[in-house]
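Some notes on the structure that comes next.
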Amino acid sequence: MPNLKAIRLRISSVKSTRQITSAMKMVSAAKLRKAQDKILRLRPYASKLHEILVNASQSLERAEFNNVYNRKSEPEKILLVVITSNKGLCGAFNSNIIKEVRKVVSEKYSEHYKNDKLWFLAIGKKGYDFLRKMNVKNLRECNYLLNELTFENSCLIAEQIMNSYVSGEFDRVEIIYNQFKNAAVQRLTDEIFLPVETARESDEVRIPADYIYEPDKEQIVKELIPKSLKIQFYKSVLDSFVAEHGARMTAMHKATDNATTMIRELTLQYNKARQATITNQILEVVSGAEALKG
Amino acid sequence: MKIEIITPESKIYEGDIKSVRVPGKKGSFQVLKDHAPIISTLDPGMVVIVDQSDKEILYEITGGVIEVKSNKIVLLAESAK
């Protein structure tokens, strides 16, 4: 029979764990809301920028569209941007990313990896730790971004990446991150950041309004492309941040539920054990009295 | 004439105004009522808004782009103060 005291101890420890997980769930829910607001505020800017860009680039010939952000060459040097989280306890959030990175390294870019032509940029401590354990060369990290996620900070990193692309340090930049779908579901995404896709034919062809362009269309497109790239980068990081909190919220919710079930089972067990001892004691008293009578 | 000033992090200003002066790439210019449609990139500098009660409102931007179309102005700034 399980010891009464041991069960009591376990109940109280499970209870305090439940308190922690439910608090973490609450915190994540609040952070999730905040980050979602950020995405919502970003949307008008992003869509307007895109509209202007499409408007200005529509009448430009494809040939003119060639710019520093889309070199057409066989990608030799590749940068993988791996976005994870700084903290754990968020379910399969990080391990999904890690799995994907492993797959990309061993299948898609195995040649590059062998020849040391594969660079890594980790945003998020969990991904960084994993890559370090994998002993990859050419590893850099920008974990601080997640602690202070603002547009300015993400711009700094995006600019660094874009500059090193322009200067030929890399031929291709891909971002691996979790896209937020809803609080329980994340979509794993492997996105090509650079070179910029030229094909914008999917956009509906509207008759461009009769704008005056200043300085001129080409200049505007040239200037807007880096802007829209920065937005894209920020959006990816933000998306991953939202997804992280969604994942943590779900994970902590489940943990709280599990703790509640466990406490119920343990309480039942405790009461059973308690009753058994009482019955035993009564039995002893009664049989003792019987013996005296006899 | 309506204006919206939007940054990636928030909408900074929205309202009816009389005029706005912006630091265009080819030189600073002012937008008054019934300005011709224009798209222009902006240099870092000051944006000066004159609102309906003739009050001047100043914003410092670090570059951006402006679109004016049928008395609606959209100013996308990278950051503004």
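Side-chain atoms are counted along with the backbone in the values below, which use heavy atoms only and exclude waters and symmetry mates. Here is the naming used below: chain letters follow the sequence lines, and residue numbers restart at 1 for every chain. Note that the structure is predicted; figures quoted are calculated from it, not measured.
- Between A/Y45 and B/K11 there is no side-chain heavy-atom pair separated by less than 4.5 Å.
- Heavy atoms from other residues, nucleotides or ligands lying under 6.0 Å from CZ of A/R41 number more than 12.
- Residue with the most contacts toward chain A among B/I66, B/I6, B/T62, B/V68: B/I6 (heavy-atom pairs, distance under 4.5 Å).
- Contact check for B/V74 versus A/I52: no side-chain heavy atoms found under the 4.5 Å cut-off.
- Contacts of A/I231 with chain B are made by side-chain atoms alone, with heavy-atom separations under 4.5 Å and no backbone atom involved.
- Within the 4.5 angstrom heavy-atom criterion, only side-chain atoms of A/L224, from C-beta onward, approach chain B.
- Heavy-atom contacts from other residues, nucleotides or ligands closer than 6.0 Å to CD of B/Q30 number more than 12.
- Looking at every heavy atom in both residues, B/K26 comes nearest to A/P215 through CD-CA, 3.7 Å.
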Query raised in the report: Is there a salt bridge (charged side-chain N to carboxylate O under 4.0 Å, His left out) between B/E67 and A/K48 once you walk through the steps?
Result: CA-CA 9 Å; B/E67 183 200 47; A/K48 197 72 206 175; 3.0 Å; yes

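- Under a cut-off of 6.0 angstrom, the local environment of CE in B/M46 is crowded, with over 12 non-hydrogen atoms contributed by other residues, nucleotides or ligands.
- Summarising the local packing, CD of B/Q52 is surrounded by more than 12 heavy atoms from other residues, nucleotides or ligands at distances under 6.0 Å.
- Under a 4.0 Å N-O distance rule, the pair B/E78/A/K230 qualifies as a salt bridge.
- Rounding to the nearest 0.5 angstrom, the gap separating the CG atom in A/D37 from the OG atom in B/S10 is 12.0 Å.
- From A/E223, atom CD reaches atom OG of B/S40 across 9.0 Å, with rounding to the nearest 0.5 Å.
- Looking at A/I212 and B/I39, their side chains never come closer than 4.5 Å, going by heavy atoms from C-beta outward.
- Under the 4.5 Å side-chain criterion, counting only non-hydrogen atoms from C-beta, B/E9 is in contact with A/T150.
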